[in-house]
Amino acid sequence: MFFPNYRPRRLRQNQNFRRLVRETVLDINDLVMPFFVVEGKKIKEPIKSLEGQFSFSIDMLLKELKEVEALKIPAIILFGVPDTKDDKGSSAYKKDGIVQKAIREIKNKNFNFLIITDVCLCQYTNSGHCGFLDGDKIDNDSTIETLAQIALSHSEAGADIVAPSDMMDGRVFAIRDALDENNFNDVSIMSYAVKYCSSFYGPFRDAAQSAPQFGDRKSYQMDPANVKEAIRESMLDIEEGADILMVKPAMPYLDIIFRVKEETGYPVAAYNVSGEYAMIKTAAKHNLIDGKKVMLETLTSIKRAGADIILTYFAMEAAKELIKK
């Protein structure tokens, strides 16, 4: 029998060999933990469609964030769930909005992590759409003016990074311009540059109460079939002033993460979204998979594809597992 001179199994024979030649290493520094913030006091309400995740009032969130800091997770992202909605999404940009209040309270505690904020209108408009309506269509240009106003209000409250997720054309330029004009030059923009019109967002929309009340988001979120468009969107956002590019979702779009990283060279974030998280949790609950192993394998695959930053509901759970290694 013929054996080749090179035997790949030589480097797999025990854990230390595997560690020595490992090409991709998942690290706590890669992770961002999302949180849903609601009005009220002493609220820590389970999100039924996101096992292990909760909606927090600010006082309860501050307690949870002590563990985030202890785990040395470098950043969180906040999603506000307001008490009131209207056709202008006015609670998204007011000084005492839920996200603005949360940012200030968190900053007052001097936690050692970055605060990223979602900049969008879907949670705040009574239509559930990410922009203002003109009949049954989205008015792009009037929307971006308000998105810039939201980003500015978050920056005034103390956000380190603003993350527009709306997919309106030109919104990165409008936000960068508004921040720079108001001396928030150091606030970064993590643009949802490549956000697909995906079927994986269901649990998030339950948690954020942001499902569209009619129609869908196909006129502004990307067609899942498109690759070249993802590169065009990324390049446009770079030209407009984005500091970090995001691909969302992650698991079905690993090829897109790779392409965006390879073709732009920019820091790339990937959002391991609610549907991806829920599938793993549900399968583990029914003993179909080892949930912790599949979690780590999934997050490693996202990093291997080229993501520098991974937004995931697994962040705290994954951090605890990584500490053990």
Side-chain angles (χ1 to χ4, degrees), residues 32-71 73 75-111 113-130 146-147 149-163 165-166 201-213 273-274 277-278 281 311-317:
V32 175
M33 182 68 197
F35 287 102
F36 297 94
V37 194
V38 299
E39 298 282 5
K41 297 284 186 181
K42 298 182 179 179
I43 296 171
K44 183 180 179 181
E45 184 177 351
I47 300 170
K48 292 180 181 179
S49 54
L50 283 173
E51 182 181 340
Q53 302 302 309
F54 301 85
S55 296
F56 293 94
S57 55
I58 294 172
D59 56 330
M60 298 300 287
L61 177 61
L62 294 174
K63 294 180 180 180
E64 190 78 3
L65 293 179
K66 292 178 182 178
E67 185 172 10
V68 172
E69 185 174 51
L71 291 168
I73 293 172
I76 63 169
I77 183 167
L78 297 177
F79 296 92
V81 184
D83 279 349
T84 60
K85 302 172 185 273
D86 57 37
D87 59 351
K88 295 298 183 184
S90 58
S91 59
Y93 50 82
K94 62 182 184 179
K95 187 173 183 179
D96 61 346
I98 183 60
V99 170
Q100 290 83 349
K101 289 189 293 187
I103 297 167
R104 291 188 179 94
E105 290 292 331
I106 295 167
K107 284 292 184 178
N108 285 339
K109 297 295 183 182
N110 294 311
F111 286 113
F113 50 72
L114 299 174
I115 301 175
I116 307 169
T117 60
D118 177 69
V119 175
C120 198
L121 283 163
C122 58
Q123 302 103 296
Y124 302 94
T125 56
N126 46 27
S127 71
H129 277 286
C130 302
T146 298
L147 293 170
Q149 190 177 358
I150 296 168
L152 181 58
S153 73
H154 290 179
S155 302
E156 289 170 342
D160 300 292
I161 301 173
V162 292
S165 62
D166 54 284
Y201 301 147
F204 173 91
R205 290 176 180 175
D206 289 341
Q209 301 173 24
S210 63
Q213 298 303 300
V273 299
S274 60
Y277 172 90
K281 282 293 186 181
L311 292 81
T312 176
Y313 304 95
F314 284 121
M316 293 174 71
E317 186 177 351

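All heavy atoms count here, side chains included; hydrogens, waters and symmetry mates do not.
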Spell out, as yes or no, whether a donor-acceptor pair under 3.5 Å connects the side chain of [X] to the backbone of [Y].
{"X": "Q53", "Y": "Y313", "value": "yes"}
{"X": "Y277", "Y": "E51", "value": "yes"}
{"X": "K85", "Y": "Q123", "value": "yes"}

At what distance, to the nearest 0.5 angstrom, does [atom1] of [X] lie from [atom2] of [Y]?
{"X": "L65", "Y": "K63", "atom1": "CG", "atom2": "NZ", "value": "12.5 Å"}
{"X": "M316", "Y": "E64", "atom1": "CE", "atom2": "CD", "value": "4.5 Å"}
{"X": "M33", "Y": "L311", "atom1": "CE", "atom2": "CG", "value": "10.5 Å"}
{"X": "I115", "Y": "I161", "atom1": "CD1", "atom2": "CD1", "value": "10.5 Å"}
{"X": "I106", "Y": "I76", "atom1": "CD1", "atom2": "CD1", "value": "4.0 Å"}
{"X": "L62", "Y": "K109", "atom1": "CG", "atom2": "NZ", "value": "6.0 Å"}

**Asked** For the ring-ring contact (aromatic ring centres under 6.0 Å, His included) test, which of F56, F36, Y124, F35 pairs with F79?
**Response** F36
**Prompt:** Is any side-chain N of the basic residue among K281 and E317 closer than 4.0 Å to the acidic one's carboxylate O?
**Reply:** yes
**Request:** Check the pair H154 / V119 against side-chain contact (heavy atoms from CB on, under 4.5 Å), numbers first and verdict last.
**Result:** CA-CA 9 Å; H154 290 179; V119 175; 3.9 Å; yes
Considering all heavy atoms, the nearest [X]-[Y] contact:
{"X": "N126", "Y": "D87", "result": "ND2-N, 3.3 Å"}
{"X": "I150", "Y": "C120", "result": "CD1-O, 3.8 Å"}
{"X": "P203", "Y": "S274", "result": "CD-OG, 3.4 Å"}
{"X": "V38", "Y": "I98", "result": "O-CD1, 3.4 Å"}
{"X": "A102", "Y": "I58", "result": "N-CD1, 3.6 Å"}
{"X": "A92", "Y": "L121", "result": "CB-CD2, 4.3 Å"}

**Item:** Pairwise side-chain hydrogen bond (donor to acceptor under 3.5 Å, both in side chains) hits with a residue in residues 94-104, at least two apart
**Value:** E39-K101, Q100-S153
**Request:** Could you tell me how the ring of F111 sits relative to the ring of F113: parallel (under 30°), tilted (30 to 60°) or perpendicular (over 60°)?
**Result:** parallel
**Prompt:** Quick one: are T146 and K88 in side-chain contact, heavy atoms under 4.5 Å?
**Reply:** no
**Derivation and outcome, side-chain contact (heavy atoms from CB on, under 4.5 Å), residues K107 and D160** = CA-CA 10 Å; K107 284 292 184 178; D160 300 292; 3.1 Å; yes
**Asked** Does CD belonging to E45 count more than 12 external heavy atoms closer than 6.0 Å?
**Response** no
**Complete:** S165 meets the side chain to side chain donor-acceptor pair (under 3.5 Å) criterion, sequence neighbours left out, with D118
**Asked** Taking only residues two or more places apart in sequence or in another chain, which ones pass side chain to side chain donor-acceptor pair (under 3.5 Å) with D59?
**Response** S57
